[in-house]
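What follows is a single structure, written as structure tokens, with notes after it.
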Amino acid sequence: MSRWQDLTGGTSGADYAARFAAVARSGKDVHGEARFCAALVPAGARVLDAGCGTGRVMIRLAELGYDCVGVDLDASMLAVARRQAPGLPWFQGDLTAFDAGLLGIAADFDLVVAAGNIFPLLAPGTEAAVVERLSTALRPGGLLVAGFGLDEAHLPVPPGITLPEYDDCCAAAGLTLVDHFATWDATPYDGGGYAVSVHRRRTP
């Protein structure tokens with residue numbers, strides 16, 4: 001069982017969506033992740049939202065003209081996503097076993113995004129397997145983007161994977177580090193408790 005399932009019981013979709021809706025109503029920007037991704041690949045690019053949750057990031061990218069697919073294990077989160085954007089492709093599945101071919105979709109994504117503390121909330125010990133699965137879904141030269149907390153101030157659970165450990169997982173999966181950032185606004189990383197990492201799948 002993932003740390004996310006332990007934390008929420010898989011029933012938090014409506015509450016999660018309501019929280020972000022309240023933030024949006026307050027006037028705060030809730031589209032930083034989508035804007036970050038849009039700066040990396042052109043409109044029309046294929047994007048996999050890995051751990052898509054209620055679809056906040058993917059729906060915005062679709063609005064910007066991206067060809068998006070979302071996958072998440074939490075049925076309550078996906079129920080919200082499907083209500084909000086029934087025309088988009090949402091799949092329920094475990095990222096540790098993700099296989100685009102089994103879902104009938106091509107494994108040639110230009111970008112895979114894992115926002116929302118996906119990696120620290122996985123089942124401990126599965127991080128390398130998930131990175132490998134997501135790397136396999138990328139075309140050569142495609143990008144894996146992941147943003148997650150590294151300390152208790154930025155996580156709802158005790159810290160799990162460290163940034164060097166994550167980089168090692170990426171290297172083992174055929175990915176090369178492009179850069180680390182401190183925020184989804186592309187602020188340079190300064191060693192703080194949150195990082196947005198960009199890795200590129202190596203070409204043959």
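Keep in mind the model is a prediction, meaning the values are calculated, not measured. As a basis for the values below, the full set of heavy atoms in this structure was taken, side chains included, without hydrogen atoms, waters or symmetry mates.
- The shortest distance between side-chain heavy atoms of Pro89 and Met58 falls below 4.5 Å.
- Between the side chain of Arg201 and the backbone N or O of Leu175 there is no donor-acceptor pair closer than 3.5 Å.
- Heavy atoms only, all atoms of each residue included: Ala182 and Pro188 are closest at CB-O, 3.5 Å.
- Using modelled atom types, no side-chain atom of Asp167 and backbone atom of Cys170 make a donor-acceptor pair closer than 3.5 Å.
- Rounded to the nearest 0.5 Å, atoms CG (Asp99) and CD1 (Ile105) are 9.0 Å apart.
- Using bins of under 30°, 30° to 60° and over 60° for the plane-to-plane angle, the ring pair His154/Tyr194 lands in the tilted bin.
- Counting heavy atoms from C-beta outward, Leu103 and Phe98 have side chains that approach closer than 4.5 Å.
- When all heavy atoms are compared, the tightest approach of Gly141 to Arg200 is O-NH1, 3.0 Å.
- Heavy-atom minimum distance, Asp151 versus Gly193: OD2-CA, 3.2 Å.
- Contact check for His199 versus Tyr166: side-chain heavy atoms found under the 4.5 Å cut-off.
- When side chains are defined from C-beta on, Ser135 does not count as touching Leu144, because their heavy atoms never get closer than 4.5 Å.
- Under the 4.5 Å side-chain heavy-atom criterion for Ile, Leu, Val, Met, Phe, Trp and Tyr, Val131 and Leu163 are members of the same hydrophobic cluster.
- No side-chain donor-acceptor contact under 3.5 Å links Asp67 to the backbone of Gly44.
- To the nearest 0.5 Å, atoms CD (Glu33) and OG1 (Thr183) are separated by 10.5 Å.
- For the pair Glu127 (side chain) and Gly125 (backbone), a donor-acceptor distance under 3.5 Å is present.
- No single ILVMFWY cluster, assembled from side-chain heavy atoms under 4.5 Å apart, contains both Trp90 and Leu61.
- Side-chain contact between Leu95 and Val71: present, with at least one pair of heavy atoms (C-beta onward) separated by less than 4.5 Å.
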Requested in this report: Determine, step by step, whether Trp184 and Val145 satisfy the side chain to side chain contact (heavy atoms under 4.5 Å, CB included) criterion, reporting the C-alpha distance in whole Å, the side-chain angles of both residues, the deciding distance to 0.1 Å, and the verdict.
Outcome: CA-CA 10 Å; Trp184 291 99; Val145 179; 3.6 Å; yes
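- In terms of modelled atom types and a separation under 3.5 Å, the side chain of Asp108 and the main chain of Arg139 share no donor-acceptor contact.
- Rounded to the nearest 0.5 Å, atoms CE (Met77) and CZ (Arg56) are 9.5 Å apart.
- Side-chain atoms of Arg46 do not come within 3.5 Å of backbone N or O of Asp110 as any donor-acceptor pair.
- Closest approach of Ala62 to Cys68, counting heavy atoms only: N-SG, 3.8 Å.
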N/O donor to acceptor pairs below 3.5 angstrom from side-chain atoms of residues 114-123, sequence neighbours left out:
residue : atom : partner : partner atom : Å
Asn117  : OD1  : Gly149  : N            : 2.7

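- Between the side chains of Asp94 and Thr96, a donor-acceptor pair is found at a separation under 3.5 Å.
- Residues Ala81 and Gly55 approach most closely at CB-N, 4.0 Å, considering heavy atoms.
- Linking ILVMFWY residues whenever their side-chain heavy atoms come closer than 4.5 Å, directly or via other members, leaves Leu177 and Leu134 in distinct clusters.
- Using a 4.5 Å cut-off on side-chain heavy atoms (C-beta onward), Leu64 and Arg60 make contact.
- Counting heavy atoms from C-beta on, the side chains of Asp185 and Arg35 come closer than 4.5 Å.
- Panel note: side chain Tyr66, backbone Ala38; a donor-acceptor pair is recorded below 3.5 Å.
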Query raised in the report: Hey, mind stepping through Val113 and Phe36 against side chain to side chain contact (heavy atoms under 4.5 Å, CB included) and telling me if it holds?
Result: CA-CA 10 Å; Val113 57; Phe36 183 95; over 6 Å; no
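- Hydrophobic clustering of Ile, Leu, Val, Met, Phe, Trp and Tyr side chains at less than 4.5 Å, counting indirect connections, keeps Ile161 apart from Leu155.
- Criterion: ILVMFWY side-chain heavy atoms under 4.5 Å apart, direct or through other members. Under it, Val41 and Ile59 are not part of a common hydrophobic cluster.
- Contact record, Leu48 with Ala137: CD2-CB, 4.3 Å, taken as the closest heavy-atom pair.
- With hydrogens and angles disregarded, no donor-acceptor distance shorter than 3.5 Å links the side chain of Thr126 to the backbone of Ala129.
- Side-chain contact between Asp74 and Leu78 is absent, with no heavy atoms from C-beta onward closer than 4.5 Å.
- In the displayed structure, Glu63 atom CD is contacted under 6.0 Å by more than 12 heavy atoms of other residues, nucleotides or ligands.
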